[in-house]
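Take a look at the structure below.
FYI, side chains are in, hydrogens and waters are out, and symmetry mates aren't considered; it's all heavy atoms of this structure.
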Amino acid sequence: MSTPPLAGAGMPPGAFSGTQAQAAREVNTASLCRIGQETVQDIVFRTMEIFQLLRNMQLPNGVTYHTGTYQDRLGKLQEHLRQLSILFRKLRLVYDKCNENCAGLDPVPIEQLIPYVEEDGSKHDDRGAASQLRFASEERREIMEVNKVTKLK
């Protein structure tokens, strides 16, 4: 049994068959959701850092401000905003891919997802009670017939 050569072993990177490349690109929807969750957590973390930077910045109230410090904080802020933009694009790609993977699925009505308790709970009890009453009355009738037969003898 031979193993296929690696891409770096003299073969160009696109030399794999189409099914292998498609399987490598195909990602489980649950994994995509986990990646999306991690991306959202990164977005929240970056946003908190941005607000922390903005909170620590001083307003230019006629106070002389060191240009080095200003440029440093401005650079950090711009970098965080750039990273935030990238994370939002990544989240959008994950969202689109999840929707694409779930497009063929039949949507489940919300009513089936939420456990529903009827206000008038007697409906199910009435059916059970009626069947028990029927069973008890049949049993009573059979016992009465047996008693009549034994009394006659």
Side-chain angles (χ1 to χ4, degrees), residues 1-59 73-153:
M1 178 176 197
S2 65
T3 58
L6 297 174
M11 291 187 68
F16 288 112
S17 68
T19 56
Q20 289 176 339
Q22 184 180 3
R25 281 184 276 144
E26 193 91 13
V27 181
N28 187 0
T29 306
S31 299
L32 281 174
C33 290
R34 184 185 49 79
I35 291 169
Q37 179 183 4
E38 291 171 358
T39 305
V40 168
Q41 290 173 349
D42 288 344
I43 288 171
V44 170
F45 179 72
R46 290 280 181 183
T47 305
M48 288 173 54
E49 286 181 349
I50 288 171
F51 281 120
Q52 186 70 26
L53 281 171
L54 290 173
R55 189 174 65 176
N56 291 336
M57 284 184 148
Q58 294 179 352
L59 293 174
R73 287 184 179 170
L74 182 64
K76 284 181 183 178
L77 186 61
Q78 287 175 342
E79 177 63 23
H80 282 303
L81 290 172
R82 189 182 67 77
Q83 287 293 326
L84 196 60
S85 174
I86 291 170
L87 288 171
F88 272 113
R89 278 187 254 139
K90 179 181 175 183
L91 185 62
R92 184 61 179 183
L93 289 172
V94 169
Y95 174 79
D96 290 340
K97 186 65 176 173
C98 283
N99 277 343
E100 179 184 315
N101 288 349
C102 297
L105 299 176
D106 292 330
V108 177
I110 295 174
E111 292 82 19
Q112 289 181 354
L113 297 176
I114 300 172
Y116 179 70
V117 178
E118 293 181 7
E119 290 178 14
D120 186 19
S122 62
K123 285 185 180 178
H124 298 293
D125 295 339
D126 288 345
R127 286 187 227 144
S131 64
Q132 287 178 354
L133 182 61
R134 235 179 285 121
F135 178 73
S137 63
E138 288 175 13
E139 192 174 332
R140 181 180 179 274
R141 189 171 22 93
E142 290 174 4
I143 292 173
M144 292 297 283
E145 289 176 11
V146 171
N147 283 341
K148 284 181 186 177
V149 171
T150 55
K151 284 182 182 180
L152 290 176
K153 289 183 180 179

Problem - For the student: nearest non-hydrogen atoms of N147 and T150, plus distance - result: O-OG1, 2.8 Å

Exercise for the section: Could you walk me through whether K148 and E145 pass salt bridge (Lys or Arg N to Asp or Glu O under 4.0 Å), step by step? Expected result: CA-CA 5 Å; K148 284 181 186 177; E145 289 176 11; over 6 Å; no

Exercise for the section: Could you tell me the separation between the CD atom of E100 and the CG atom of L32, rounded to the nearest 0.5 Å? Expected result: 10.0 Å

Handout entry: Value rounded to 0.5 Å, distance of CD in E139 from CD in E142
Key = 7.0 Å

Problem - Atom pair CG/CG of D96 and N101 - distance to nearest 0.5 Å - result: 11.0 Å

Problem - Side-chain donor-acceptor pair present, Q37, R34, cut-off under 3.5 Å - result: no

Practice task
Of all the heavy-atom pairs spanning L53 and H80, show the shortest one and how long it is.
Solution key: CD1-CD2, 3.4 Å

Exercise for the section: Mark yes or no for whether R46, through its side chain, and Q41, through its backbone, hold a donor-acceptor pair below 3.5 Å. Expected result: no

May I have the list of side-chain donor-acceptor pairs in residues 81-93 shorter than 3.5 Å, sequence neighbours left out?
unit_1, atom_1, unit_2, atom_2, d
R82, NE, E79, OE1, 3.4
R82, NH2, E79, OE1, 3.4
R82, NH2, E79, OE2, 2.8
Q83, NE2, E79, OE2, 3.2
S85, OG, R89, NH2, 3.1

Problem - CG-CD1 distance between D42 and I35, expressed to the nearest 0.5 angstrom - result: 11.5 Å

